[in-house]
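Have a look at the structure below before the remarks.
The chains referred to below are lettered A, B, ... by the order of the sequence lines, with proteins before strands, and numbering in each begins at 1.
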2 protein chains.
Amino acid sequence: MTESGNKSDWRERKKAATRRSIQGHAMRLFLEKGYDATRVEEIAAAAGVSIMTFFRYFPTKEHVAAEDDYDFLIARLVEDSADGEPLVGRIHQALRGGLAQIYATDRQALLDRTRLILTTPALQGRMWQNQAVTQQHIVRALSGETVDKDGELRLKVQVAASFAIATVAMLEWAAAPEEGELPDRIDKAFAAFDEGARKG
Amino acid sequence: MTESGNKSDWRERKKAATRRSIQGHAMRLFLEKGYDATRVEEIAAAAGVSIMTFFRYFPTKEHVAAEDDYDFLIARLVEDSADGEPLVGRIHQALRGGLAQIYATDRQALLDRTRLILTTPALQGRMWQNQAVTQQHIVRALSGETVDKDGELRLKVQVAASFAIATVAMLEWAAAPEEGELPDRIDKAFAAFDEGARKG
DNA sequence: TTCTCACATGTTAGTGACTCACACTTGGAG
DNA sequence: CTCCAAGTGTGAGTCACTAACATGTGAGAA
């Protein structure tokens, strides 16, 4: 079986499966009994691994709940969006597009996760950190388009503000999902910002 | 000495002193040896109290480093600012004024604290949480000015974006304080946002 | 003054997240 | 078959944080 491109994607697949198993059982338990009331010992047992193995896959208990694979997607979409337009608009569209994509297959998971974060203070901090990392990614990727220091600041500020707006939308959605779906809420949030900027 | 208004502000003052002592020694140790390398036990010993007492004054180790008494001030300034103007402008001015005030007496402490947060991932999460709380305060305080649901969203979005902008300014300042003082950096950040919103 | 209550603090024994050093198992290559 | 390496388990330990209970010390009532 040496014909498959990589030396041993056997192991890779097994590791991915273990990872998914841990994360799946963790989320299930978090939703069932709450984040704090769930010990990593339980998660490990449910996934059929030892505590040590749990920590080899996830650096902290928080990471299992707050890690998002979407950051990379969003960052790429922003990068690929057309230059020239106002940056806030580009980010708005990238977020909208990326979330619609995620939404199509993982709506419930995204909702569950966001609600869990919303009700667990410890996870909120981790969420913001994740966002900060994504923002830095985007700023670094886009800083090629500009050269001067003022442009750099403009970039950072625009990205930060855009993410703040999107986060409001996301939290509002998680708090009351029956009042409208996420892509709409994103649009509404950005619209509300434009509106407010003009007439206070 | 019973003429002083309250029954026993003696105790109050002593508690305040203990609190300041703990916080002072904590910050000193954090700056000397780093946040992670400083055990609560050391802080307590330095302040001459037990570990238990430490936790009675501060719910977590993070709180000693990331707690800011400025939130209340900022929130009040925003509330008191003139209605009618665009909200982002009001928050900008309130932040500017409040920080200038803090700045006059506590510049170095503010810088130290911000740098500590900047270099300690665990504290960044706490910082964002603090900001979220302040934002909610402001939104609640100002939601009297508006009634409808759209106005509420507008409020939340404007406040979140404004704080995001201000935070960029603060972090930039902490990363390179020699490139300009904080109030200026705040102005520049808001200016950079306006600029970027128009010409991308 | 003295008794006593309230409140701040200390002590001890935990729990749970997370780490480190080391031993064991097992699939795959020579 | 043997040896290597990667994945995993074990056990002991650190540190943040908590709960139950004991102690000391002002302050007001008797």
For the NE2 atom on H137(A), are there more than 12 heavy atoms of other groups (residues, nucleotides or ligands in this structure) within a distance under 6.0 Å?
no

Nearest to the side chain of K15(A), heavy atoms from C-beta on, is which of dC18(C), dG7(D), dC7(C)?
dG7(D)

Option passing side chain to side chain contact (heavy atoms under 4.5 Å, CB included) with L123(B) (candidates K61(B), R113(B), E62(B)):
E62(B)

Inter-end axis angle, the helix from dT1(C)-dA30(D) to dG30(C)-dC1(D), with every axis fitted to five base pairs (rounded, 10 degrees):
10°

Any side-chain donor near an acceptor of the partner, T167(B) and Q131(B), under 3.5 Å:
yes

Members of residues 49-56 of chain A that approach DNA chain D, where some heavy atom sits under 4.0 Å away
V49(A), S50(A), M52(A), T53(A), R56(A)

Atom CD of E62(A) and atom P of dG16(C): how far apart are they, to the nearest Å?
17 Å

Between F58(B) (CZ) and dA8(C) (P), how many Å, whole number?
15 Å

Are V159(B) and L153(B) connected in a single hydrophobic cluster, I mean Ile/Leu/Val/Met/Phe/Trp/Tyr linked by side-chain heavy atoms less than 4.5 Å apart?
yes

Within the pair K61(B) and dC17(D), is there a side-chain N or O less than 4.0 Å away from OP1 or OP2?
no

To the nearest angstrom, the CD-C1' distance between E12(A) and dG27(C) comes to 14 Å

Please name all residues satisfying ring-ring contact (aromatic ring centres under 6.0 Å, His included) with F190(A), sequence neighbours left out, ordered by chain then number.
H92(A)

SB check E42(B) K33(B) (cutoff 4.0 Å)
yes

Transitively linked via ILVMFWY side-chain contacts under 4.5 Å: V40(A) with F30(A)?
yes

Residues E172(A), K188(A): salt bridge by 4.0 Å N-O rule:
no

side-chain N/O Y57(B) vs dT9(C) OP1/OP2, d < 4.0 Å:
yes

